[in-house]
Structures are given as structure tokens and as C-alpha cells.
There are 2 protein chains.
Amino acid sequence: MQKAAGQLDVKSVKRDTLSSKVIDQIIHLLVSGQLKPGDKLPTEMDLQDMFQVSRPVLREAISSLETIGVVRRKTREGTFFTNKIWSKPYEIMLSLSSGNIRAIAETRMSQELGLVSLAAEKISDNDLHQLWENIGLMERQEGDYREFDKDFHRIIAYSASNSITEGIIDPLLNMFDDMFAGIPTENKDKRFTIEQHKQIYYALEKRDPIEAHLCMYRHLDHARNRLLESVQDEKNRKG
Amino acid sequence: MQKAAGQLDVKSVKRDTLSSKVIDQIIHLLVSGQLKPGDKLPTEMDLQDMFQVSRPVLREAISSLETIGVVRRKTREGTFFTNKIWSKPYEIMLSLSSGNIRAIAETRMSQELGLVSLAAEKISDNDLHQLWENIGLMERQEGDYREFDKDFHRIIAYSASNSITEGIIDPLLNMFDDMFAGIPTENKDKRFTIEQHKQIYYALEKRDPIEAHLCMYRHLDHARNRLLESVQDEKNRKG
DNA sequence: TAATTTTATTTGTCTTACAATTTGATTTAT
DNA sequence: ATAAATCAAATTGTAAGACAAATAAAATTA
């Protein structure tokens with residue numbers, strides 16, 4: 001088999017600590033069907049007995065699973081498997097790309113292009129209605145419209161109803177938006193953005209995954225180019 | 001602002017434990033530019049001093065960051081920020097969808113459709129060569145060709161060179177493949193799959209994101225339908 | 001029956017101690 | 001002078017025991 005990046009880097013092989021073994025065993029409760037999303041896990045004391053480890057080791061494992069979004073804990077109430085991965089884990093992951101404009105832009109393109117294809121198949125009439133309303137609100141907005149812009153993309157991403165990967169959208173939109181901080185937007189940008197949003201809306205209305213992808217690709221390609229150009233201008237001004 | 005799923009679910013708001021605060025502060029070392037991917041973190045003892053917490057709390061935080069893929073640790077050597085997110089974190093996240101055939105199939109579609117669009121822009125001549133070789137190997141394979149099938153998709157996904165999300169592909173391909181376990185593949189399936197792989201290859205060779213998406217969409221739509229039908233047949237046989 | 005108080009459950013944080021791994025320094029042998 | 005063996009040190013890995021905090025549930029009181 002050809003070498004894959006994930007297999008080449010020895011350092012990425014998971015280290016065999018007790019805590020990581022506990023994680024695998026807890027995950028196995030899901031994979032084997034013994035427990036399912038939403039279910040309550042045994043108490044820390046019970047898990048300690050089951051896995052025969054110390055409490056700090058057990059808590060490291062559970063804290064890790066909470067950070068990655070697979071469990072949630074509440075004092076006195078207990079520990080539960082979640083139903084979906086929320087945004088914080090992705091925010092943490094994406095922090096590795098902090099300041100890396102190209103990486104953030106490309107991650108955004110990759111995720112949104114995939115999600116819009118799925119959204120075209122699954123989008124509800126209510127989501128379509130919300131998209132149309134959002135376009136109207138953005139048109140009428142006098143000042144900063146970027147929050148409406150983000151909402152447009154957010155609605156589409158969540159309409160794909162993907163419980164594992166939808167949580168990536170908010171951190172991505174926020175990081176992308178943060179990179180425009182201090183860079184003025186022009187009115188022609190707004191009109192063009194609205195025009196592109198409408199085209200995406202029409203493609204989604206037709207529930208056409210191919211056309212939705214095409215329109216979204218054009219939109220995000222444009223947004224990426226504007227971002228890279230703005231940052232280049234900023235560097236030229238400061239240079 | 002319209003309600004977004006991530007904001008509606010109060011339980012997804014991150015709890016304010018000391019360990020989670022330490023995570024935020026460590027992440028801030030990256031976001032603020034004080035440290036960057038690949039850099040070594042201060043020792044556990046130093047971090048304990050910096051953040052004024054106990055060692056178990058500190059270790060819970062670091063274990064969490066290791067599980068989510070943002071740091072790696074080695075006894076005696078120290079703790080380092082990673083350069084990319086590897087597969088294990090995604091495997092853990094995806095375990096929430098264990099047994100959920102539709103969710104896995106849709107996640108795979110979403111991710112691969114996004115990654116192929118990016119790959120069309122970025123793919124190297126070497127990757128193209130590897131894809132063509134893979135098609136040849138798959139054609140000549142007498143028995144089980146599924147490993148070659150996965151390799152084809154793996155090469156494309158990694159050729160997009162996205163350090164944050166590329167790690168999702170291996171667990172996805174494996175989970176998707178596991179669902180075919182016990183379901184026999186027919187020779188006509190193989191010929192059709194090779195045909196579709198070739199079309200994806202040609203689109204990538206042209207470096208055409210729109211066409212690459214279209215071909216990949218057709219391929220994955222077909223694979224998803226075959227999976228759902230096979231599982232339905234299996235249920236009918238057992239029912 | 002509703003409000004208040006008490007109890008119990010479970011997670012959250014901490015201190016102290018020792019173990020394990022492995023890198024780097026030192027000593028010894030050739 | 002160099003290689004091999006041994007030792008010391010640095011840092012992470014694991015554990016026991018204790019107490020705190022949050023809060024759900026039970027018991028008591030009005």
C-alpha cells in the first residue's frame with residue numbers, strides 16, 4: 001500500500017498510557033452498542049473499578065473525552081455521552097492554524113463545499129425561508145453586514161444536519177472573519193456578496209447539489225481572493 | 001441573529017472547570033503567537049506555576065489537548081505543539097455515529113466532496129501519478145479490491161494538504177468499509193467503480209474543481225446507495 | 001400541598017509520593 | 001581519541017488519600 005501521511009509520521013502513533021487505554025475502552029462502550037449517544041455512563045467510582053486504574057488516570061480520560069466533545073459532565077448528575085460534537089473541540093483544533101490565513105481559508109472552503117452539497121439534498125423549507133429572510137436583512141443593513149453574512153453560511157451548514165462535523169462552522173467563520181478585522185468593506189462588495197448569496201439560495205431551492213457547489217465555490221473563491229489580496233495590500237502598506 | 005444549533009443547546013456551553021481554563025490559556029499561547037506549531041511547551045512544573053493549579057488539574061488539561069491532537073508528549077523529552085491533527089481524535093468523534101449508517105455515509109460525502117474540490121486546486125504531479133498507478137493496481141487485483149479503493153480516496157484527501165481536517169479520512173473510510181463487511185461485492189461493481197475513479201482522475205488531471213466535485217458526487221452517491229440497499233437487503237433477509 | 005432544610009451523590013481540586021522512560025553526562029575500556 | 005557501558009537527571013506517568021463544591025433527592029416543617 002502506498003505511504004499515507006498518517007502512517008508515515010511515527011510521532012502520531014497513539015502512545016500507550018493508561019489514560020489512553022481507558023479512552024479506548026469507554027469508546028468501545030459506544031462502538032459495541034452497549035451504550036449509545038445520550039446515555040449516562042457509570043460513575044467515576046464504578047469506572048475506576050471496571051478499568052482498575054487510579055482516579056486521576058480515569059479523570060484524565062474522561063476530561064479528554066469531554067474536551068473532544070464525546071461526553072459531558074455535570075457535578076452531582078453524572079457523565080453522559082453527547083449526541084453531537086459542539087464547536088469548542090474544533091476551535092481548539094483550529095488554533096493550530098492561528099495566523100495561517102491560507103490554511104484557514106482552505107479549511108473553510110473544504111468544509112463549506114462539502115456541507116453545501118449535503119445541504120442541497122437535505123435542506124428544509126424552514127431553512128430555505130430563513131436563508132431568504134437573511135438575504136433581505138443583509139440588503140437592508142446599513143452598517144456592518146458581516147454578522148448577517150456569517151449567519152447565511154451558518155444556516156446552510158447546520159441545515160446539512162451532520163452531528164459530527166457541523167460544529168466546525170462557527171469557529172471557522174469566526175476565524176475567517178477575524179482576519180478581515182481592520183480591513184474596510186466596500187459597498188460594491190456587499191452588493192456582489194448578496195448576488196452570490198442569491199445564486200446559492202436558488203441552487204439550494206432547486207435542491208441541486210452540483211449547482212449549489214458551483215455557486216458556493218465561486219463565492220468562497222472570491223472571498224478567499226479578497227482576503228489574500230487585502231492582507232497583501234496591508235503588508236504592502238506596512239512594508 | 002437567528003438561532004443556531006450551537007447556541008441553542010445550553011448543555012454545549014463549556015463548563016468552567018479549572019482544567020478547561022488551563023486549556024484556554026495553553027491555546028492562547030498559540031493564538032497570540034507566543035508559541036507556534038512544533039514548539040515545545042514549558043514543563044509541567046513550570047505550567048503549574050504559571051497557571052497556579054495543582055498537577056492533576058494541569059495534567060487533565062494537557063491530556064485533553066493530547067487526545068484532541070494539538071499537543072504530543074514524550075516521557076523525559078517534554079510536551080510539544082503538533083503540526084497537524086492526526087486521525088485518532090476524529091475516530092473518537094466519529095464513534096458517536098457508530099452503527100449510524102446514514103450519518104457515516106453523509107459525513108463521508110461531505111468531507112470527501114470538500115476535500116476533492118481543494119485537491120483539484122492543489123494536487124501534485126506525484127499524487128496524480130500515484131492515483132493512476134492505484135487504478136492500474138485495482139484493475140489487476142483478482143480478489144478483494146477494497147483496500148485499493150480506500151487508497152484511491154486517501155491519496156486524494158491527503159493531496160489537499162489540509163493539516164486540520166485531513167485526519168478525518170482514515171477513520172471515515174474504515175467505518176464506511178466496515179459496514180460492507182459480510183456483504184459480497186460483484187465484479188460489475190468493481191468495473192463500475194474503476195470507471196468512476198478514472199473520471200475523477202481525469203477531472204483532477206484537468207485541475208477542475210467543479211468537474212472533480214461532480215464526478216466524486218456521482219461516485220459517492222452511488223456508493224451510498226449501494227450501501228443503503230445492501231443493508232436493506234440484509235434486513236429483509238433476516239426479517 | 002408548598003416551602004424550607006437536610007442529606008447524599010457525584011464530580012472537582014489538591015497534596016504528597018513514588019515509578020517509568022529516556023536523554024545526556026560521566027566513567028571505563030580499547 | 002573513540003566507543004561502550006554505566007550513572008544521573010529531567011520530565012512525564014501513576015497512585016492514594018483527603019477534602020470541597022455543586023446540586024439532586026429526600027425529609028421536615030409550615
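In the text below, chain A, chain B and the rest are named by the order of the sequence lines, each starting its count at 1.
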Hey, is CE on Met50(B) packed in by over 12 heavy atoms from elsewhere, all under 6.0 Å? yes

Separation of dT22(C) P from Arg73(B) CZ (nearest whole Å): 14 Å

Give the rounded distance in Å between these two atoms: CZ of Arg72(A) and P of dT11(C). 12 Å

What nucleotide, of dA15(D), dT15(C), dG13(D), holds the atom closest to the side chain of Thr75(B)? dG13(D)

Without decimals, in angstroms, what is the distance between Phe80(B) CZ and dT12(D) P? 9 Å

Is a donor on one side and an acceptor on the other found under 3.5 Å between the side chain of Asn174(B) and the backbone of Asp170(B)? yes

Would you say the base of dT23(C) and the side-chain of Arg76(B) have a donor-acceptor pair closer than 3.5 Å? yes

Using the closest heavy atom to pick a nucleotide of DNA chain D for each, name whichever of Glu44(B) or Pro56(B) lands nearer the 5' end. Glu44(B)

About how many Å separate NE2 of His153(B) and CD1 of Ile200(B), when rounded to the nearest 0.5 Å? 6.0 Å

Side-chain N or O of Thr79(B) closer than 4.0 Å to phosphate OP1/OP2 of dT12(D): yes

So, do Arg108(A) and Leu173(A) sit near enough that their side-chain heavy atoms are less than 4.5 Å apart? yes

Side-chain N or O of Ser19(B) less than 4.0 angstrom from OP1 or OP2 on dT13(C)? no

Would you call Arg154(A) and Asp151(A) a salt bridge, taking side-chain N to carboxylate O under 4.0 Å as the test? yes

Can you measure Glu77(B) atom CD to dT11(D) atom C1' for me and round it to whole angstrom units? 10 Å

Ile62(A) CD1 to dG12(C) P, in whole Å, measures 9 Å

Report yes or no: is there a donor-acceptor pair, N or O only, under 3.5 Å between the side chain of Arg55(B) and the base of dT13(C)? no

Assert: residue with more 5' nearest nucleotide on DNA chain C, out of Gln48(B) and Thr43(A), is Thr43(A)

Select one nucleotide: of dA24(D), dT22(C), dG12(C), the one nearest the side-chain heavy atoms of Lys74(B). dT22(C)

Can you tell me how far P of dT12(D) sits from CE of Met45(B), to the nearest Å? 9 Å

Could you state the atom-to-atom distance from CG of Leu18(A) to C1' of dT21(C) in whole Å? 14 Å

Over how many whole Å does the gap from Leu41(B) atom CG to dT12(D) atom C1' extend? 13 Å

